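Treat the numbers as computed from the prediction; the structure is a model and nothing was measured. Just so you know, ligand 1 is whichever comes first in the structure, and atom 1 is the first atom listed for that ligand.
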Amino acid sequence: MSSALSFLGLNASQISPVVQGWYPPTRENWELIVYFWQFFPLLTAAQWLTDFYPQGKTSIDSRLNLPGKPAWALMESTGFLTVLYCMLAIPAQTNTGPLPWANWTMAGAYTLHYLYRALIFPWAQPTMSPIHPFVFLSAAAWNVLNGLSIGGWVGGYGPASEADWAGKLYQIEVGLVIWGWGLLANMFHDDDLREIRRSALRRQRERAEREGKPVEGVEKLYMLPKNGLFSYVLYAHYLCEWVEWAGFWVVGGWGCVPARSFLVNEVSTMLPRALAGKRWYVEKFGEEKVAGRKAVIPGIL
Ligand SMILES: NC(=O)c1ccc[n+]([C@@H]2O[C@H](COP(=O)([O-])OP(=O)(O)OC[C@H]3O[C@@H](n4cnc5c(N)ncnc54)[C@H](OP(=O)(O)O)[C@@H]3O)[C@@H](O)[C@H]2O)c1
């Protein structure tokens, strides 16, 4: 039985399914999830037709709105928790031996990213706009489905033994390097956006101190970011995240359909958002200030 279970002081009988057959999925159900998950880009067609996206820059006033930070933390936690649960529950359910170290490496990379995205990211944001339940539920569902797709693969329905990874060390190393640089670059550009509000808050505090007045909020202050890749594209943080998950796909290999779907599905939902975001920047700051910067792919789009 999986050494991960014994490491946690658990045995297989203590890992009961949350939803019989689906969470964790049986192999047949996992194959169905992976198959249909490839068609997610078709669902994003609506995003090309409307700029409606009640979160962040385009959040709306609604009585239903959820506070930005906790809602973000919750909706972004569902994915990595699902992957980790699959890593424990699938071997327990199928009564198979310990998973290969490369499976744990992929699960670790996924978890590391989402520990940052779900917990550190909202905690570090000076402010975050409210999130509508529509975005909250869509994002949480997206993360669970992606978590099941990836979690099933690394949980034993993909490679299940060291032999399955034989000869793939170079691919794993190259993929991890791409993944790591993508993650760092994504964090760098996220922080550049944060700095806009941090520095505005610092300036406001200094002014308020000088004038003996209370500090005004910086709730929805937006400026044009310009450091790093932001000098070429307005959504540099998105681009870096795509590089990161392209690296993750390299680790899993060409035939790793869940890693490919993850990247394709992210691009399909984030690309229309970046294009809509560019229209928002042009409307707010004017064509001249945007100065020919592309939305997300330097020189192209
Ligand atoms: N959205 C997605 O579908 C998606 C999917 C997967 C991964 N991600 C990743 O999640 C991270 C955040 O994504 P996001 O869509 O929320 O990005 P975003 O709209 O650019 O917002 C990121 C944060 O920066 C603030 N911000 C954005 N533009 C700003 C500006 N011009 N001036 C000052 N502050 C600004 C936002 O504040 P407000 O909240 O107040 O607007 C928000 O807190 C990114 O690293 C992205 O790669 C997003």
Side-chain angles (χ1 to χ4, degrees), residues 40-41 43-44 47 51 53-60 65-73 75-80 110 113-132 134-136 138-143 145-147 182-201 217-230 233-246 248 262-285 289-290 293 295-296:
F40 170 80
L43 289 183
T44 63
Q47 279 185 268
D51 286 353
Y53 194 89
Q55 184 235 324
K57 293 183 188 69
T58 46
S59 63
I60 55 171
N65 271 350
L66 304 167
K69 292 186 181 200
W72 181 278
M75 73 190 196
E76 294 292 321
S77 293
T78 53
F80 81 87
Y110 193 89
H113 170 92
Y114 277 99
L115 282 175
Y116 162 67
R117 175 66 67 234
L119 305 179
I120 299 173
F121 176 83
W123 171 77
Q125 293 303 121
T127 61
M128 268 180 102
S129 298
I131 296 176
H132 193 273
F134 168 75
V135 171
F136 174 82
S138 317
W142 195 98
N143 279 313
L145 283 168
N146 196 48
L183 174 62
L184 288 177
N186 173 258
M187 289 172 164
F188 169 84
H189 291 95
D190 279 346
D191 198 58
D192 200 50
L193 289 174
R194 262 177 229 133
E195 184 53 24
I196 291 174
R197 287 188 190 168
R198 277 198 303 250
S199 59
L201 199 55
V218 286
E219 282 298 315
K220 290 276 275 183
L221 176 102
Y222 292 106
M223 286 167 70
L224 274 162
K226 47 183 183 302
N227 295 317
L229 293 176
F230 279 127
V233 287
L234 296 160
Y235 279 78
H237 47 332
Y238 281 21
L239 176 65
C240 297
E241 176 142 356
W242 298 348
V243 170
E244 183 187 352
W245 296 121
F248 187 76
F262 182 15
L263 176 64
V264 171
N265 292 352
E266 273 225 324
V267 173
S268 70
T269 184
M270 291 163 80
L271 180 59
R273 194 156 154 66
L275 295 174
K278 182 178 171 187
R279 289 194 288 276
W280 180 92
Y281 273 113
V282 169
E283 205 174 293
K284 187 166 175 71
F285 298 102
K289 290 236 171 70
V290 169
R293 280 187 270 177
V296 67

Review point. Would Gln55 count as a contact of ligand 1 if the rule is a heavy atom under 4.0 Å away?
Key: yes
Review point. Does any non-hydrogen side-chain atom of Asn186 lie less than 4.5 Å from one of Phe121?
Key: no
**Study point:** Ligand-residue contact atoms, ligand 1 with Ile196, heavy atoms, under 4.0 Å
**Key:** 32 (N), 33 (C)
Practice item. Say whether Asn186, considering both its backbone and side-chain N or O atoms, lies within less than 3.5 Å of an N or O atom on ligand 1. Key: yes
Practice item. Could you list the atoms of ligand 1 found under 4.0 angstrom from a heavy atom of Trp72? Key: 10 (O), 12 (C), 13 (O), 16 (O)
Review point. How does Trp242 reach ligand 1, if at all, at less than 4.0 Å between non-hydrogen atoms: by side chain, backbone, both, or neither?
Key: neither
Exercise for review: Report the member of Asp190, Leu193, Thr127 with the shortest heavy-atom distance to atom 45 (O) of ligand 1.
Suggested key: Asp190
Check your understanding: Any side-chain heavy atom of Thr269 sitting closer than 4.5 Å to one from Leu43?
Key -> no
Check your understanding: Rounded to the nearest 0.5 Å, how far does OG1 of Thr58 lie from CZ of Arg279?
Key -> 11.0 Å
Point to revise | Gap between atom NZ of Lys289 and atom NZ of Lys226 - 0.5 Å precision | key: 11.0 Å
Exercise for review: Quick one: sort the Tyr110 and Phe262 rings into parallel, tilted or perpendicular, breaks at 30° and 60°.
Suggested key: tilted
Point to revise | Close side-chain approach of Tyr53 and His132, heavy atoms under 4.5 Å | key: no
Exercise for review: Kindly indicate whether the side chain of His113, heavy atoms from C-beta on, has any atom under 4.5 Å from the side chain of Trp245.
Suggested key: yes
**Study point:** Whether Leu224 lies under 4.0 Å from ligand 1, heavy atom
**Key:** no
Review point. For atom 23 (C) of ligand 1, which of Gln125, Lys57, Glu76, Arg194 has the closest heavy atom?
Key: Gln125
Point to revise | His237-ligand 1 polar pair, N/O distance under 3.5 Å | key: yes
Exercise for review: Show which atoms of ligand 1 fall inside a sub-4.0 Å distance from at least one heavy-atom site of Tyr238.
Suggested key: 1 (N), 13 (O), 14 (P), 15 (O), 17 (O), 46 (C), 47 (O)
Check your understanding: So is Arg273 polar-close to ligand 1, meaning N/O to N/O under 3.5 Å?
Key -> yes
Check your understanding: Are Asp190 and Arg117 within salt-bridge range, i.e. N to O under 4.0 Å?
Key -> yes
Review point. So, does Arg117 sit close enough to ligand 1 that a heavy atom of it is under 4.0 Å from the ligand?
Key: yes
Check your understanding: Nearest heavy atom to atom 31 (N) of ligand 1: which of Glu241, Lys284, Gln47, Met223 does it belong to?
Key -> Met223
Point to revise | Any donor-acceptor pair under 3.5 Å from Lys278 side chain to Arg293 backbone | key: yes
